Amino acid sequence: MRIARFSIDGNVAFGAVEGEGPDGLVLDIIKGIPYAEFELSGTKVPLSKVRLLPPVLPNKVVAIGRNYAEHAAELGNEVPEVPVAFFKPTTSVIGSGDAIEYPSFSNELHHEAELAVVIGRMCREVPRERVKDVIFGYTCANDVTARDAQKREKQWARAKGFDTSCPLGPWVETDLDPGDVTIQATVNGEQRQLGRTSEMIRSIEDLVVHITEAMTLLPGDVILTGTPAGVGPLHVGDEVAVTIEGIGTLTNKVIKRG
């Protein structure tokens, strides 16, 4: 099931996305919240009549760096011995169709297409055999990075946590097998990144176990699983799209901040 979060007439709701094709998609509004048992209301609205919002509002986004060997190599880095984890704040999250604001402190903005894991229940110290039980679903993500700031600052907080640096969407797919799906990024229609989740150094199970050894994850929290090779520059006016097989396409335009 595809679960979207949207606004219409000033109201925010969740809905199940039904149909196919850009003109055939409708939202069946959900009664309640999707992390618990819910019912479909039967009230349907065309997707074209609503504004899609970030599919979740996470308490935290835990991101993993250098989880694809070719990406680590293209930036001159070794594959880390343990997963490299960092945070992106809630204020960095935007939805499909929202604008990425080019930060004033950077002259080298990069796209990073990623599979995002959405947590469905509060969990800590999750054993490997229970990882699937705590996952609500999956969505597309773009770990937008101020690469020059990342290079000159020892911590990545500003380089990867600035406002609008975490596009998520367009919705959450709850029925995806994430083991071997295609991830790609295009800029102005030109393909930049193309990889498969099977190329990850550490699996989703590895990442959930590793992260929850240290912290509690809450419903709606997001894990970014790393990006394949091919990251590259974004400029004001560019339109960047992240497409993941079995989920859909997350599209954002880059604008000047301010």
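The model shown is predicted, which means the values in this text are computed figures rather than measured ones. Excluded from the calculations below are hydrogen atoms, water molecules and symmetry mates; all remaining heavy atoms, backbone and side chain alike, are included.
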Do [X] and [Y] share a hydrophobic cluster (ILVMFWY, side-chain heavy atoms under 4.5 Å, transitive)?
{"X": "L207", "Y": "V118", "value": "no"}
{"X": "V222", "Y": "V208", "value": "no"}
{"X": "I33", "Y": "V93", "value": "yes"}
{"X": "F136", "Y": "V134", "value": "no"}
{"X": "V240", "Y": "F162", "value": "yes"}

Can you check whether [X] reaches [Y] side chain to side chain, under 4.5 Å on heavy atoms?
{"X": "N59", "Y": "T90", "value": "no"}
{"X": "L52", "Y": "L47", "value": "yes"}
{"X": "R257", "Y": "P103", "value": "yes"}
{"X": "I3", "Y": "V17", "value": "no"}
{"X": "I244", "Y": "T182", "value": "no"}
{"X": "M200", "Y": "R202", "value": "no"}
{"X": "V26", "Y": "V45", "value": "no"}
{"X": "Y138", "Y": "L115", "value": "yes"}

Run the salt-bridge test on [X] and [Y] with the 4.0 Å N-O cut-off and return the result as yes or no.
{"X": "R128", "Y": "D206", "value": "yes"}
{"X": "K160", "Y": "E153", "value": "no"}
{"X": "R196", "Y": "E245", "value": "yes"}

To the nearest 0.5 Å, what is the distance between [atom1] on [X] and [atom2] on [Y]?
{"X": "S96", "Y": "L53", "atom1": "OG", "atom2": "CG", "value": "11.0 Å"}
{"X": "N142", "Y": "T164", "atom1": "CG", "atom2": "OG1", "value": "10.0 Å"}
{"X": "I201", "Y": "S203", "atom1": "CD1", "atom2": "OG", "value": "12.0 Å"}
{"X": "L224", "Y": "E112", "atom1": "CG", "atom2": "CD", "value": "9.5 Å"}
{"X": "H210", "Y": "I223", "atom1": "NE2", "atom2": "CD1", "value": "10.5 Å"}
{"X": "E239", "Y": "I100", "atom1": "CD", "atom2": "CD1", "value": "10.0 Å"}

For [Y], does its backbone N or O pair with a side-chain atom of [X] as donor and acceptor, under 3.5 Å?
{"X": "S92", "Y": "S165", "value": "no"}
{"X": "N252", "Y": "G95", "value": "yes"}
{"X": "K88", "Y": "D143", "value": "no"}
{"X": "T174", "Y": "G137", "value": "no"}
{"X": "D148", "Y": "N107", "value": "yes"}
{"X": "H71", "Y": "G230", "value": "no"}
{"X": "S7", "Y": "G10", "value": "no"}
{"X": "T145", "Y": "R147", "value": "no"}
{"X": "E173", "Y": "M1", "value": "yes"}
{"X": "Y102", "Y": "L109", "value": "yes"}

- Item | Derivation of the side chain to side chain contact (heavy atoms under 4.5 Å, CB included) call for D133 and R121 | CA-CA 8 Å; D133 296 339; R121 57 191 293 184; 4.3 Å; yes

- Go through I64 and T225 one step at a time and tell me if the side chain to side chain contact (heavy atoms under 4.5 Å, CB included) criterion holds. CA-CA 5 Å; I64 302 298; T225 58; 5.8 Å; no

- Query: Is a side-chain donor-acceptor pair under 3.5 Å present for H111 with Q193?
  - Reply: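 Note: Q193 and H111 side chains meet the donor-acceptor criterion.
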
- Message: Would V84 and W156 count as a side chain to side chain contact (heavy atoms under 4.5 Å, CB included) here? Give the steps.
- Response: CA-CA 11 Å; V84 175; W156 297 354; 4.0 Å; yes

Would the number of heavy atoms belonging to other residues, nucleotides or ligands and lying under 6.0 Å from [atom1] of [X] be above 12?
{"X": "K253", "atom1": "NZ", "value": "no"}
{"X": "M122", "atom1": "CE", "value": "no"}
{"X": "R124", "atom1": "CZ", "value": "no"}
{"X": "E129", "atom1": "CD", "value": "yes"}

[X] and [Y]: which non-hydrogen atoms are nearest, and at how many Å?
{"X": "P167", "Y": "L250", "value": "O-CD2, 3.4 Å"}
{"X": "L168", "Y": "P55", "value": "O-CD, 3.4 Å"}
{"X": "F87", "Y": "K60", "value": "CE2-CD, 4.2 Å"}
{"X": "L176", "Y": "G246", "value": "CD1-CA, 4.0 Å"}
{"X": "V209", "Y": "P127", "value": "CG2-C, 4.2 Å"}
{"X": "A113", "Y": "A185", "value": "CB-CB, 3.8 Å"}

- Item | Worked check of salt bridge (Lys or Arg N to Asp or Glu O under 4.0 Å) between K44 and E18 | CA-CA 9 Å; K44 300 185 180 183; E18 301 176 350; 3.0 Å; yes

- Query: Where do V231 and E74 land on the side chain to side chain contact (heavy atoms under 4.5 Å, CB included) test, with the steps shown first?
  - Reply: CA-CA 9 Å; V231 301; E74 73 179 345; 3.3 Å; yes

- Query: Cationic tip of R51 within the cone over F6's six-membered ring, i.e. under 6.0 Å and within 45° of the normal?
  - Reply: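 Checked: cation-pi criterion not met.
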
